Every structure is written in C-alpha cells, then in structure tokens.
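Sequential numbering from 1 along the given sequence is applied to the chain's residues. The shown structure was predicted, so the numbers you read here are calculated from the model rather than taken from an experiment.
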Amino acid sequence: MKKVAYEGFKERLLYIQDFFKGGDSLVNPSSTGYGKTSITVRTMDSENNVQLSTRALNSYLIPFDAEATDDFLKRQNRTFYFNLVSQVVNAYSDAVTSKVSRNFDSLEPFVNSNVDYRESTWSEFIASNAKFTALFGFTATYVDYVVPEGVNTLAGVIESDSGPKCILINPLQFAWVAVSQKGEVEEFAWYESADDTGNNNVKSVSIRIVNKEGWMVVQGAVNVTNMNSGMPSDTKIVDQGKHPASLNGKLPVVFNFYDRDYTTSYPYGKSLVNDLVDVARAVYNYNSMVTDIHKGTFPILTVPLARTGGVMPPKTEIAVGSTNALPYDSETGTPNYISPSSEPPRELREHISYIIRTAYQQLGLTLTLDSSAQIQSGEALKIRSREFESYASKFASNMLKFEMKVLDLFNAYLGLDAQYSIAYPKTFSIPQTKEDLDNAKTLLDVPFISNEGKVAALKQMLSVALSLSDEEMNSVLKGSTVKLTAQTISTLPATTPV
C-alpha cells in the first residue's frame, strides 16, 4: 500500500478558504505561505545614516514601495473586499442541488432528519457537501453507525435516532490515505482535532483512522509534516472498534469531487475557484488603491493673491461656509476649487470590472446589474449563465455518484435492500425565485401536459414558496397526484352503452 499525506496541499486550501470567508480572514490569514508579506523599515542611526530592516506581516494586502508600517496598517483597515468567491461557489452548489428528485424507498425514515449529528435532513446535508466540494475541489464523508445497547430492531433504531450518520470531512482535516496499487483506498485518517503546542509543526492531535476492518482513535503530540509513514509512533489508542459484518469489507468512507484529478492515485480534486481566488486577491488590493487615492484627494480652495505673490497675509482669517463670506480682489482672479485628476481611480475601477468579468466568463458566468429588480427581492445583482450548464452537469454527475455510494452504505449497515433512486436535472440554471415560480405556474396551465409534468411543476412551486423536508414534500405530492388523477378521469368523455 502507498500512504500519502495531505499537508503539502493545505496552504493553498487555507488561502482558498480565507477568500471564501472574507472579513477578518483577510486581515488575519490562515495561510502563512500566501498570507505572508513584509515592509521595509527605514531608520536613521546616530550619524544620520539610513538603516534598512524588514518587518514581517501577515496580510493579503501587498505593501506599497517605501510604505511606512503605520500607513500600511491604516490602509488595511480602510480597504474592503468584494466576495467574488462565495458568489460563484453558492451559484454552482445551489443550481446543482436545488431540484434533485429522490425516492428513498425503505430508507426514508433514516434520512428525514439528523443524518449528520447536526439535525440536517438528507437534502440539507447534500447541499452543504456540494458547497464544500466545489470550494475545496474534494471532500470525504465518513458514514458512522453506532447502535445503543439494547436496540436490536430497525424500529428501535428509528425510535432512538441511531441510524447511520454522515460526517463531512473537508481536506484541511485530512491526515493521510493508504491506497492499493490499483488506486483503491484501503485506509483513511483525519484530524478530529489539532491544537497548536507552540513548537513549530508539532500539534496535539486526535486522529480517527478507518480501514476496511474497523476504526481507531489515537491521540498525542505529533509533527504534522511527517505523516506519510502512517500512524505516528508517539500516539496512544484511546478508542477502537470493528465494522459490522453487513459491510462485507467496504470502507465506510466516500470521496466526492468537483473535478477529480485522475493523474494521481490518491483522492484529489481541483477547486471550482482555484484560479478565482488569485483574482479576488488582486481586486482586494486594487480596491485598496482606489480607497487610498480618495483619502488624499479632497478639493482645495485656491485664492489668487497677485500682490503678495500667492502668500496669504498673516492676519487673514480663512472662514469658508454657507454663513461666511470670502472677499477677494476681482482684478487678480476668482477663487476656485481645484481637484486632483479623476483618471487614476476611474482607470482602476475599469480594470477591476474587466478582471472580474473575465474571471467569471472563464467559469461560464456573466455578472450583470438587473435594474428592473425590486429592492426587496435582494437580487439586484444576478449571475447569468453562459457555459454554466456544461460545468454544472459534470459536477452533478459526481454528486449523483456520491449520493448513491453513501446510500449503499446506509443499505449495508441496516441490512436492507432498499430500491432507492435519485435523478439530477438534465439542464441547470441558477435559482431565481420569481422566474422559477412564474415558469411553474405557466406549465400548470398548459392543457396537454401530463399529470407527471404537472406534479413536477407543483414541486418546483412548493420548493420556491415553502421550506419542506423531503418527507413533507413527498406527502404533499402524493395527495396532489391522487387529485390530479381524479380530475383527469372526471374529464374523460362518457361512454355509450352498446
């Protein structure tokens, strides 16, 4: 078996995560590699010689040449960030997961609520999984199953809410994987916790290790940069157990990918926003430049003073405002305000707009301001699709494979033979509440649409208007199907007796 650690990928992943979160994450970067910068400090010695030294800082803002430390910190506090990354991640994950049709069969009671120890329904967990998978490029999900003592029936499992649970693991938590020569994952380990000890890369960790036979939890202080060899020798086992025989040698871990990298033998995928974060950082810095220009460019009042050569008489009191008068000699010219050129900030803004548009186009998206949108809709800024469907359909294919594999594990754990089915849409669009509702209403009024089509339209209307669990949605739709069938029969022409 080949064992691979993931520490080498984490600097980039932390960088991506910071620009997804925004806010304090940009001022206090998690990534010490991408978020490291320095300022040249100039001082004078006792003989008036200039001494240069370097001060290291953690920030995604790039210092200007010869910028003083205090000026840099003030500029950092003034600047702001347009969160380009979260818009794209949310657009893709919402579009892919918002209109999925699912039939869980006998697994229904186990996916209605609390599928992840966090009270999430199945659809809520999948939506969350899609978001983190698009963000990081890949994730893992561990399917846990702990049956309380004394519970030995499926009815008891349902009553005690002890069915299989999904634990989402983002790649920042990955410790290592062990893969066979064929590339099959034989063992997976991740950090359940990792706390700094103050000693370089040594952390106090709790690591869960899962293989095809069972699992164990180990704890101790380890150097996290030396994980390729597998379980560190200076840890102790604090808990362990065996998988139930019903798993039949399956590893209860499922990996999900936005865009899998097939050049590696281990699980790894490319982030949807891998390139966009570099654009986001550039925009963050350009916005800082625009703000800095505006800070020092207030209009200045000029008063022509020919007799004094432009020098204000010492006893002159300057008072400008709506209740003050400013006398002047008309022969020397009229007082006037002068302003710095507006060209530099305008050019910067145009460049910011250009790189944002270009970056979004690379992702199959265009950004437009919808002037017709009502303010209360919260959708004045909308993302419109170009090649969106092509990218989204590939992601949806991966999401479908992921869901089916996790449900396979549910089936195996519970000893069921549920005939579940999942269908992702064939076409994708970013959810737009009003448009989706109008389209569904229009479809319901078309006379030649089948009952199945009308039920699908009704489901879309309910999804837009109400927040329903999968169980509630299915219950409503079952009733609607009966009513639609009755209406169809009532409209059939009467038969004439022979």
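Aromatic ring centroids of Phe20 and Phe136 lie 6.0 Å or more apart. Phe255 has its ring centre less than 6.0 Å from the ring centre of Phe188. Taking the six-membered ring for Trp and the full ring otherwise, the centers of Trp190 and Tyr142 sit less than 6.0 Å from each other. For Tyr268 and Phe257, the ring centers sit 6.0 Å or farther from each other.
Nearest heavy atoms, Asp259 versus Asn398: N-ND2, 4.5 Å. The heavy-atom pair separating Ser93 from Phe395 by the smallest distance is CA-CE2, 4.5 Å. The two residues Pro171 and Lys10 have their closest heavy-atom pair at O-CE, 3.5 Å. The minimum heavy-atom distance linking Asn112 with Thr121 is given by the pair O-CG2, 3.1 Å. In plain terms, the two heavy atoms of Val143 and Leu409 that are nearest each other are CG2-CD1, 3.7 Å. In this structure, Tyr145 and Pro164 approach most closely via the heavy-atom pair CD1-N, 3.6 Å.
At a cut-off of 3.5 Å, with distance as the only test, a side-chain donor of Tyr117 or Asp144 sits close to an acceptor on the other residue. Using modelled atom types and a 3.5 Å distance limit, the side chains of Asp417 and Asn411 yield no donor-acceptor pair. With hydrogens and angles left out, the side-chain atoms of Ser120 and Asp116 include a donor and acceptor closer than 3.5 Å. Between the side chains of Ser86 and Asn90, no donor-acceptor pair is found at a separation under 3.5 Å. Side-chain contact check for Asp278 and Tyr15: at least one donor-acceptor pair (N or O, by modelled atom type) lies under 3.5 Å. One side chain, Asp18 or Ser30, offers a donor N or O that lies under 3.5 Å from an acceptor on the other. Asp408 and Tyr420 are linked by a side-chain donor-acceptor pair at a separation below 3.5 angstrom, with hydrogens and angles left out of the test. With 3.5 Å as the limit, one finds a donor-acceptor pair spanning the side chains of Asn129 and Thr141. Under the 3.5 Å distance criterion, with hydrogens and angles disregarded, a donor-acceptor pair is assigned to the side chains of Glu11 and Ser31.
Within a 6.0 Å radius of CD in Glu192, more than 12 heavy atoms belonging to other residues, nucleotides or ligands are found. Surrounding OH of Tyr424 are more than 12 heavy atoms belonging to other residues, nucleotides or ligands, all under 6.0 Å away. Around CG of Asp24, the count of heavy atoms belonging to other residues, nucleotides or ligands within 6.0 Å does not exceed 12. Atom CZ of Phe9 is surrounded by more than 12 heavy atoms from other residues, nucleotides or ligands within 6.0 Å.
Using a cutoff of 4.0 Å between basic side-chain nitrogens and carboxylate oxygens, Lys3 and Glu186 are not scored as salt-bridged. The pair Lys212-Glu187 does not count as a salt bridge, with every side-chain nitrogen at least 4.0 angstrom from each carboxylate oxygen. A salt bridge does not link Arg281 to Asp275: none of the charged side-chain nitrogens sits closer than 4.0 Å to a carboxylate oxygen. Using a cut-off of 4.0 Å between Lys/Arg side-chain N and Asp/Glu carboxylate O, Asp261 and Lys270 are scored as not salt-bridged.
The backbone N or O of Glu119 lies less than 3.5 Å from a partner atom in the side chain of Asn114, making a donor-acceptor pair. For Thr235 (side chain) and Gln219 (main-chain N/O), no donor-acceptor pair under 3.5 Å exists by modelled atom type. Using modelled atom types, one side-chain atom of Ser180 and one backbone atom of Glu184 make a donor-acceptor pair closer than 3.5 Å. For Asp105 (side chain) and Leu107 (main-chain N/O), no donor-acceptor pair under 3.5 Å exists by modelled atom type. Side-chain atoms of Gln87 never come within 3.5 Å of backbone atoms of Leu84 as a donor-acceptor pair (strictly under, hydrogens ignored). Ser393 places a side-chain N or O within donor-acceptor distance of the main-chain N or O of Glu389, the cut-off being under 3.5 Å.
Note that the CG atom of Leu272 and the CG atom of Leu276 stand 8.0 Å from one another [nearest 0.5 Å]. Here Ser193 contributes atom OG and Asp195 contributes atom CG; the two are 5.5 Å apart, rounded to the nearest 0.5 Å. To the nearest 0.5 Å, the span separating CG on Leu172 from CD on Glu7 amounts to 9.5 Å. Atom CG of residue Asn287 and atom OG1 of residue Thr79 lie 5.5 Å apart, to the nearest 0.5 angstrom. Taking CZ of Phe138 as the start and CD1 of Ile169 as the end, the distance is 12.0 Å to the nearest 0.5 Å. Separating the OH atom in Tyr360 from the CD1 atom in Ile355 is a distance of 11.5 Å, to the nearest 0.5 Å.
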One pair to check against side-chain hydrogen bond (donor to acceptor under 3.5 Å, both in side chains): Ser59 and Gln76. What are the steps and the verdict? CA-CA 9 Å; Ser59 177; Gln76 180 176 253; 2.6 Å; yes
Can you list the steps and then say if Arg102 with Ser421 is a side-chain contact (heavy atoms from CB on, under 4.5 Å)? CA-CA 6 Å; Arg102 300 180 178 94; Ser421 62; over 6 Å; no
Salt bridge (charged side-chain N to carboxylate O under 4.0 Å, His left out) between Glu124 and Arg118, worked out: CA-CA 10 Å; Glu124 289 170 342; Arg118 298 182 180 186; over 6 Å; no
Candidate pair Asn152 and Val157, rule side-chain contact (heavy atoms from CB on, under 4.5 Å), full reasoning: CA-CA 8 Å; Asn152 49 27; Val157 170; over 6 Å; no
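The side-chain heavy atoms of Met404 and Ile422, taken from C-beta on, include a pair separated by under 4.5 Å. With contacts defined as side-chain heavy-atom distances shorter than 4.5 Å, the pair His243/Val210 qualifies. In this structure, the side chains of Ile16 and Asn274 come closer than 4.5 Å at one or more pairs of heavy atoms. Side-chain contact between Val217 and Ser206: present, with at least one pair of heavy atoms (C-beta onward) separated by less than 4.5 Å. Here the side chains of Val205 and Val218 are not in contact, with every heavy-atom distance at 4.5 Å or above. Side-chain contact check for Ser288 versus Tyr81: every heavy-atom pair is 4.5 Å or farther apart.
In this structure, Tyr284 and Phe19 have perpendicular ring planes: the angle between them is above 60°, well past the 30° mark. Ring pair Tyr92/Tyr391 is perpendicular by interplanar angle, where above 60° counts as perpendicular and below 30° as parallel.
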